[in-house]
Amino acid sequence: MPLIVEKYGGSSVGTSERIRAVADRVAASHRAGDDLVVVLSAMAGETNRLLELARDIDPEADARETDVLISTGEQVTIALLSMALHKLDVPARSYTGGQVRILTDNVHGKARILDIDADMVRTDIEQRNVVVVAGFQGVDREGNITTLGRGGSDTTAVAMAAALKADECRIYTDVDGVYTADPRIVPEARRLEQITVEEMLELSSLGAKVLETRSVEFAGKYKVPLRVLSSFESGKGTLITYEVNKMEQPLIAGIAYNRDEAKLTIRGVPDQPGVASTIFGQISDAHVNVDMIIQNVAQDGTTDLTFTVNRSEYPRARSILEKISAELKAREVVGDDQLAKISIVGVGMRSHAGIASTMFEAMATEGINIELISTSEIKISIGVADRYVELAVRALHKAFGLEVETHEEILDATAVD
Ligand code: ASP
Ligand code: MG
């Protein structure tokens with residue numbers, strides 16, 4: 001019997017009717033012979049509602065108690081789905097994360113999974129029960145309830161699949177797979193049949209919302225066969241792959257964007273050893289995450305440093321930088337919190353030249369100014385004014401011909417080794 005771990009997100013279990021629809025789907029697979037573990041999110045909006053309640057009592061509510069509170073959303077959906085399965089004569093048992101011993105560290109609100117004791121679940125499966133597990137939560141060594149961070153049910157599912165060595169982990173969501181770009185912005189965006197885990201990891205961390213980044217990391221580490229599908233339509237979705245078939249590798253897999261960026265520049269800092277360390281040391285002490293960093297060539301013994309931070313951290317980062325600027329006798333601090341980051345991702349970049357110039361040319365043609373650039377082996381990111389996001393993403397989608405499959409182009413290319 002194939003063992004399948006399925007995960008349904010908040011919108012897929014948002015009402016009783018939808019829970020019944022999930023039950024129908026699960027029952028059909030169960031009847032077809034699959035062994036099933038189903039991981040659920042809370043009903044759409046529920047985790048936010050619970051967090052609101054906590055804030056009403058205390059805006060700085062204790063992290064441990066917050067986890068006790070927000071882990072309840074998933075307990076509701078797992079019980080309801082099991083009931084709905086029973087109505088269809090499918091044997092099912094629901095468990096919280098702690099009950100199936102999803103052991104985590106003790107970082108409340110952002111816990112990492114350390115271990116899963118899969119024996120109990122296996123016994124249930126052997127008896128042909130559908131095991132329904134609450135996503136997003138675990139338990140630490142002291143028995144405290146922990147949560148994994150927003151969107152963490154994806155990670156629960158992938159981790160369960162790894163622990164059980166499942167044949168496939170299926171993430172059911174409200175889109176039918178991973179797209180070449182956000183279809184709300186680019187109507188021609190195409191669903192990818194497959195994508196490499198490296199590309200998926202980049203796309204997730206660069207802003208694509210379809211899979212939580214940590215779940216992709218986890219999948220990569222344990223090579224979990226992972227598929228993203230729609231819970232509302234039928235279809236094969238997108239398969240995350242671990243082997244790169246060079247002949248079939250498109251140059252660019254997809255485009256991601258993130259609107260929540262801001263940039264800061266400190267001008268006229270002394271060009272001396274220790275300056276970057278002072279600046280970024282203080283920024284990191286304040287727990288502000290820095291993304292792209294650019295340092296210019298020095299002139300007359302001073303230089304300019306530019307970096308980006310999350311928009312919500314801009315005011316804090318700016319005031320720290322102003323303090324540092326005074327200490328270092330720098331010329332000035334300037335910034336802009338209406339920045340967006342647009343990235344193209346593809347493992348095909350490794351063996352092809354000219355990708356960056358195609359990207360920049362597309363921006364030039366549209367008259368979009370590129371404010372920052374950062375690259376890695378399989379991605380190029382640019383910072384542009386927020387108001388250009390739609391235009392830039394559409395232009396790039398077109399420039400790289402993403403609306404059609406590009407395999408032929410690759411076969412023709414000689415640079416593929
Ligand atoms: N319910 C949690 C959240 O809203 C976890 C999840 O849905 O994956 O973030
Ligand atoms: Mg989600």
Side-chain angles (χ1 to χ4, degrees), residues 5-16 18-19 21-22 37-55 61 63-82 94-100 102 104-105 107-113 116 131-139 145-162 169-175 178 200-201 203-205 207-219 224 226-232 237 240 260 310 312:
V5 175
E6 298 188 340
K7 180 257 169 180
Y8 292 89
S11 53
S12 311
V13 293
T15 61
S16 326
R18 290 199 168 167
I19 289 176
V22 169
V37 173
V38 181
V39 174
L40 298 184
S41 287
M43 288 183 168
E46 178 64 5
T47 310
N48 286 338
R49 188 187 72 88
L50 294 167
L51 281 167
E52 271 306 309
L53 288 175
R55 264 191 293 268
R64 179 189 182 279
E65 302 313 323
T66 303
D67 276 355
V68 172
L69 176 72
I70 63 177
S71 60
T72 61
E74 275 73 11
Q75 195 168 335
V76 171
T77 51
I78 56 169
L80 292 173
L81 179 67
S82 298
S94 65
Y95 295 103
T96 63
Q99 283 178 306
V100 286
I102 298 180
T104 71
D105 62 20
V107 186
H108 286 290
K110 226 187 196 173
R112 284 194 165 264
I113 296 178
I116 296 181
V131 178
V132 186
V133 177
F136 176 57
Q137 54 184 268
V139 67
I145 295 173
T146 55
T147 64
L148 309 179
R150 298 310 303 271
S153 297
D154 291 354
T155 297
T156 304
V158 174
M160 288 297 299
C169 180
R170 298 181 186 153
I171 307 286
Y172 286 93
T173 174
D174 47 8
V175 291
V178 180
M200 193 63 239
L201 196 53
L203 285 176
S204 300
S205 62
K209 301 256 158 40
V210 61
L211 278 176
E212 185 222 11
T213 307
R214 268 163 80 178
S215 71
V216 185
E217 269 169 24
F218 215 105
V224 175
L226 183 63
R227 196 183 282 280
V228 178
L229 312 111
S230 161
S231 50
F232 304 113
I240 313 305
D260 301 322
N310 191 282
S312 64

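Whatever order the structure lists ligands and atoms in, that order sets their numbers, starting from 1.
- Side-chain contact between Gln75 and Ser94 is absent, with no heavy-atom pair separated by less than 4.5 Å.
- Contact check on Arg55 versus Glu52 returns a salt bridge, with a Lys/Arg side-chain nitrogen under 4.0 Å from an Asp/Glu carboxylate oxygen.
- Proximity of Glu212 to ligand 1, defined as any heavy-atom pair under 4.0 Å, is not found for any part of the residue.
- Distances below 4.0 Å separate heavy atoms of Ser153 from the following atoms of ligand 1: 5 (C), 6 (C), 7 (O), 8 (O).
- Checked against side chain to side chain donor-acceptor pair (under 3.5 Å), Thr147 has the following partners two or more places apart in sequence or in another chain: Asp67.
- Of all atoms in ligand 1, numbered sequentially from 1 with element shown, those under 4.0 Å from a heavy atom of Gly152 are 5 (C), 8 (O).
- When side chains are defined from C-beta on, Arg112 does not count as touching Val107, because their heavy atoms never get closer than 4.5 Å.
- The nearest non-hydrogen atom to atom 9 (O) of ligand 1, considering only Lys7, Gln137, Arg150, comes from Arg150.
- Listed by chain and number, the residues in a side-chain contact (heavy atoms from CB on, under 4.5 Å) with Ala42 are Glu46, Thr47, Glu74 (sequence neighbours excluded).
- The distance from the CG atom of Asp174 to the OG atom of Ser231 is 7.0 Å, given to the nearest 0.5 Å.
- Here is the list of ligand 1 atoms found below 4.0 Å of a heavy atom in Glu74: 1 (N), 2 (C), 5 (C).
- When only interatomic distances are considered, the shortest N/O to N/O separation between Ser41 and ligand 1 falls below 3.5 Å.
- The closest approach between any non-hydrogen atom of Gly151 and ligand 1 is below 4.0 Å.
- Polar contact with ligand 1: absent for Phe136 (N/O pair, distance under 3.5 Å).
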